[in-house]
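Only one structure is covered here, and it is reproduced in the block below.
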Amino acid sequence: MAESTEIKETDEIREGQPAPDFSLSNQAGEMVALKELQGKLVVLYFYPKDDTPGCTTEACNFRDNMGRIQSVGALVYGVSPDSVVSHQKFINKFDLSFPLLSDDGAKVAKAYGIWKEKNMYGKKYMGIERSTFLIDEQGNLAKIWRKVKPAGHAEEVLKFIESRKA
């Protein structure tokens with residue numbers, strides 16, 4: 001389902017570089033490909049898991065700011081390893097107004113360098129390092145936010161977009 005083309009696992013991608021290409025299923029099972037979004041400003045935010053406290057805070061923060069985000073010409077996509085069905089439930093439960101993409105197997109998270117070893121209660125596991133990538137109209141990484149704090153993050157992204165438009 002989450003077929004990706006020409007993705008190489010990397011430790012560090014940098015601002016100004018081309019964004020790693022991807023093709024992922026959204027909550028309706030439709031494919032979304034980065035190359036088809038060329039010419040648009042894309043906010044691609046990665047989060048660990050649907051319907052968990054931090055992820056819900058972040059998603060609702062983007063939802064509550066969608067009017068302003070759209071007014072500056074940006075599209076928002078949330079990405080996690082959760083299934084299409086899980087994404088649909090999350091969207092319905094919190095009335096989210098933007099697509100969620102299913103990164104089954106974390107192939108895209110690996111390409112963006114955010115599939116990291118985590119530690120909770122002494123247990124180590126692999127998971128998403130909450131991060132956001134602003135991809136410009138030419139498909140390049142305009143801004144990268146790593147180790148994002150969920151509350152207020154959408155406003156931070158919006159301020160950056162507005163500052164580059166000014």
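Predicted, not measured: the structure shown is a model, and the values here were computed from it.
In this structure Asp82 satisfies the salt bridge (charged side-chain N to carboxylate O under 4.0 Å, His left out) test together with Lys49, sequence neighbours excluded.
A donor-acceptor pair under 3.5 Å is formed between the side chain of Arg63 and the backbone N or O of Phe94. Asn61 places a side-chain N or O within donor-acceptor distance of the main-chain N or O of Ala154, the cut-off being under 3.5 Å. Although no hydrogens or angles enter the test, the distance criterion places no donor-acceptor pair under 3.5 Å between the side chain of Glu129 and the main chain of Ile114. Between the side chain of Tyr112 and the backbone N or O of Ile13, no donor-acceptor pair lies under 3.5 Å. At distances below 3.5 Å, at least one donor-acceptor pair connects side-chain atoms of Gln38 with backbone N or O atoms of Gln138.
Residues Ala111 and Pro20 share a closest heavy-atom pair of O-CG, 3.8 Å. Across Phe98 and Val76, no two heavy atoms sit closer than the pair CB-O, 3.5 Å. Ala74 approaches Val43 most closely through the heavy-atom pair CB-CG2, 4.3 Å. Minimum interatomic distance between Gly29 and Val84 (heavy atoms only, all atoms of both residues): N-CG1, 3.8 Å. The shortest non-hydrogen separation linking Asp21 to Leu34 is OD1-CB, 3.3 Å. Closest non-hydrogen pair, Pro150 versus Gly54, comes out as CB-O, 3.3 Å.
Residue Ser83 holds its OG atom at 11.5 Å from CD of Gln27, rounded to the nearest 0.5 Å. Here the NZ atom belonging to Lys149 is positioned 13.0 Å from the OG1 atom belonging to Thr57, to the nearest 0.5 angstrom. Atom CD1 of Ile91 is separated from atom OG of Ser86 by 10.0 Å, given to the nearest 0.5 angstrom. Summarising the geometry, atom CG belonging to Leu75 is positioned 7.5 Å from atom CE belonging to Met66; distances are rounded to the nearest 0.5 Å. Atom OG of Ser97 sits about 6.5 Å away from atom CD of Gln70, to the nearest 0.5 Å. Interatomic distance, CG of Asp64 versus CG of Asp95, reported as 10.0 Å (0.5 Å rounding).
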>> Run the side-chain contact (heavy atoms from CB on, under 4.5 Å) test on Glu156 and Val148 for me, step by step, so that the C-alpha distance in whole Å, both residues' side-chain angles and the decisive distance to 0.1 Å come before the verdict.
In response: CA-CA 10 Å; Glu156 183 182 2; Val148 166; 5.7 Å; no
>> Run the side-chain contact (heavy atoms from CB on, under 4.5 Å) test on Ile135 and Leu141 for me, step by step, so that the C-alpha distance in whole Å, both residues' side-chain angles and the decisive distance to 0.1 Å come before the verdict.
In response: CA-CA 5 Å; Ile135 302 167; Leu141 295 163; 4.1 Å; yes
> What do the steps show when you test Phe62 against His153 for side-chain contact (heavy atoms from CB on, under 4.5 Å), and what is the final call?
Replying inline: CA-CA 8 Å; Phe62 275 109; His153 179 58; 3.9 Å; yes
>> I'd like to know whether Met126 forms a side-chain contact (heavy atoms from CB on, under 4.5 Å) with Lys116, so could you lay out the CA-CA distance, the side-chain angles of the two residues, the decisive distance to 0.1 Å, and finally the verdict.
In response: CA-CA 5 Å; Met126 296 302 289; Lys116 304 279 188 176; 5.5 Å; no
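The existence of a salt bridge linking Glu12 and Arg146 is confirmed by a sub-4.0 Å separation between a basic side-chain nitrogen and an acidic carboxylate oxygen. By the 4.0 Å N-to-carboxylate-O rule, Asp51 lies close enough to Lys93 to be salt-bridged with it. Taking 4.0 Å as the cut-off between side-chain N and carboxylate O, Glu162 and Arg68 count as a salt-bridged pair.
Counting heavy atoms of neighbouring residues, nucleotides and ligands inside a 6.0 Å radius, atom NZ of Lys118 exceeds 12 of them.
A heavy-atom distance below 4.5 Å is found between the side chains of Ser25 and Met31. Here the side chains of Gln17 and Asn140 are not in contact, with every heavy-atom distance at 4.5 Å or above. Between Val157 and Ile69, every side-chain heavy-atom pair lies at or beyond the 4.5 Å cut-off.
The closest side-chain donor-acceptor pair between Asp50 and His87 falls under 3.5 angstrom.
No option in Phe46, Phe22, Tyr77, Tyr45 other than Phe46 meets the ring pair (Phe, Tyr, Trp, His ring centres under 6.0 Å) test with Phe133.
Following chains of ILVMFWY side-chain contacts shorter than 4.5 Å, one cannot reach Val85 starting from Phe90, and the two form parts of different hydrophobic clusters.
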